[in-house]
**Student:** 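Take this structure first; my questions come after.
Chain A is the first sequence line, chain B the second, and so forth, proteins listed ahead of strands; every chain is numbered from 1. Since the model is a prediction, treat every value here as computed from it, not as a measurement.
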Amino acid sequence: MSEIEHTCAFPLDRGAGNNLFGCWLGPAIGLLDLDAFFASVEQLDHPEWRGRPLIVGGDPEERGVVSTASYEARRFGVHSAMSSAQARRLCPDAVWTHSHFDRYRELSGKVMDILADETPFVERVSIDEAFFDITPGRYSCESPLEIAERIRSRVSELGITCSIGLSTSKTVSKIASERDKPRGLTVILPGTEKAFLRPLSVRAMSGIGASAEAALKRAGIHTLGQIADASPAVLTSVFGCHAERMRLRAKGEERSPVSPVDASDEIKSVSCERTFATDLTERSDVDAALALLAESVGRRLRRHGLAGRTVTVKVKFSFGQGRTVQRKLPHRTDDENIFIPVGRALIDTFWGPGIHVRLLGVGISDFERAEGIQTDLFTEVDDRGAVASPRRDLSVAIDQVREKYGSDVVGYGRAARFDNGGQRRH
DNA sequence: TCTGGGGTCCTAGGACCC
DNA sequence: TCTGGGGTCCTAGGACCC
């Protein structure tokens, strides 16, 4: 029997009728966040890496960045999104590994199963985060604290750990979950939300990024309490039509429900981009890179059974600026043989002498539902209403070989000049 | 030391139509 | 011929998230 440990940000106010071991007033919404998730999975799968600084991310020699650092590596100052080169300087002895998404997805699924076993009201936010509603009386009459404690303990049986924030709203629980990582359970009791939020920096609240923070600072607003007290005009100048919703969130009075996602679950776009170890300066290299990225997008579209109508090409130049250009196709497709030429035409719109390409990306979006598809008499359309080139069959055959033997085995000649790291082959 | 890769959502302007 | 207004589609860009 695990002993109940938790952090209460504020002393219990028994007078208000809230008691840890008694009743919980109002909604009980939890946010579960897996601790250093990718790094924890790697340490689970490689016992020899446990207890050592571990970095999941791109190669330091190739403009990579840190995806996740284990807590041992974080002690050296390494954190997500830091360039791998800097991480290596801070922690030269760290173990490095690339990410293994299929494995992360598998474990994430097991965690979601645990949540689903405790309550039907689960809203998955990302691969390592989910909200869950355990309001007493909605599904179970058990104390929210006991349920949260049990979830935490069941997750640890998988060999990874999580932190949980528990309160009456999503905003507060999300912030609370960050307070005591790893393996924390932070409870903000009903009635104490406002006092908990007031002194916090505006950046603590999700939805406020660097840009909104700067705008708020110009208005003299630094804390969530100041957002709660700000004039409607000031808030509107920063948040537009979301001003009053942001105020409610900052006051701890948000009432947005945990929505088990079905429709919003659907994929809206599929894209692939690559930062090259050395800039591309030859148009032929850029075209070859486009083909490589497009094949990856095509493969994922076919795997998901999706076909889209908008092609987007994204580019970053060596001197920092970037551009995105997009074009709508007359018909949807999942066939890179169709959208590669469109991508080339989009590259034409910004290509010129002396251009150095640091990053190139390709994306497909605008997935129509089958009943909304329009066709004409002269276009061959498959049973899902998508157009395909004669070479799509070849693409599908390559998909199958890759499924079976791994992605490095076979590919078109046009993509063979780059390996998966985007490094030019010599 | 600069700043990856996968996404979502929103805004704004211009074209075009009624 | 001039005028205005509204709606929708397309495109580009930006903010934000993990």
**Student:** Going by purine N1 to pyrimidine N3 plus the second Watson-Crick contact, or the G-U wobble pair, all under 3.5 Å, which nucleotide sits opposite dC18(B)?
**Tutor:** dG5(C)
**Student:** Reckon Leu359(A) touches a base, only the sugar-phosphate, or nothing at all at heavy-atom distances under 4.0 Å?
**Tutor:** sugar-phosphate
**Student:** Contact class for Arg300(A) vs. all strands (heavy atom < 4.0 Å): base, sugar-phosphate, or nothing?
**Tutor:** sugar-phosphate
**Student:** Looking across every strand, which nucleic acid part, if any, lies under 4.0 Å from Arg88(A) by heavy atom: base, sugar-phosphate, or nothing?
**Tutor:** nothing
**Student:** What range of DNA chain C does chain A touch, first nucleotide to last, counting atoms under 4.0 Å from its heavy atoms?
**Tutor:** dC10(C) to dC18(C)
**Student:** Just checking Gly207(A): base, sugar-phosphate only, or nothing, at a heavy-atom cut-off of under 4.0 Å?
**Tutor:** sugar-phosphate
**Student:** side-chain contact (heavy atoms from CB on, under 4.5 Å) with Ile114(A): which residues, sequence neighbours excluded?
**Tutor:** Arg154(A), Val155(A), Leu158(A)
**Student:** Would you mind calling dC2(C) syn or anti? Take O4'-C1'-N9-C4 for purines or O4'-C1'-N1-C2 for pyrimidines, and syn is within 90° of 0.
**Tutor:** anti
**Student:** Just to be sure I understand the rule, does Gly64(A) reach a base, reach only the sugar-phosphate, or reach nothing, if contact means heavy atoms closer than 4.0 Å?
**Tutor:** nothing
**Student:** Considering every strand and a 4.0 Å limit on heavy-atom distances, what is the contact class for Ser206(A): base, sugar-phosphate, or nothing?
**Tutor:** sugar-phosphate
**Student:** Who passes salt bridge (Lys or Arg N to Asp or Glu O under 4.0 Å) against Arg138(A), sequence neighbours left out?
**Tutor:** Asp133(A)
**Student:** Between the side chains of Asp45(A) and Arg103(A), is the shortest nitrogen-to-carboxylate-oxygen separation below 4.0 Å, so that they form an ion pair?
**Tutor:** yes
**Student:** Could you check Arg105(A) against Asp102(A) for salt bridge (Lys or Arg N to Asp or Glu O under 4.0 Å), going step by step and ending with a plain yes or no?
**Tutor:** CA-CA 5 Å; Arg105(A) 263 189 287 270; Asp102(A) 288 344; 3.0 Å; yes
**Student:** Using a heavy-atom cut-off of under 4.0 Å over every strand shown, decide if Lys174(A) touches base, sugar-phosphate, or nothing.
**Tutor:** sugar-phosphate
**Student:** So does Arg283(A) pair up with Asp348(A), basic N to acidic O under 4.0 Å?
**Tutor:** yes
**Student:** By the 4.0 Å heavy-atom rule, please label Val270(A) as base, sugar-phosphate, or nothing.
**Tutor:** sugar-phosphate
**Student:** Give me the one residue out of Arg344(A), Arg300(A), Arg391(A), Arg302(A) that meets salt bridge (charged side-chain N to carboxylate O under 4.0 Å, His left out) with Glu336(A).
**Tutor:** Arg302(A)
**Student:** On DNA chain C, compare the nucleotides closest to Arg309(A) and Gly322(A); which residue's is nearer the 5' end?
**Tutor:** Arg309(A)
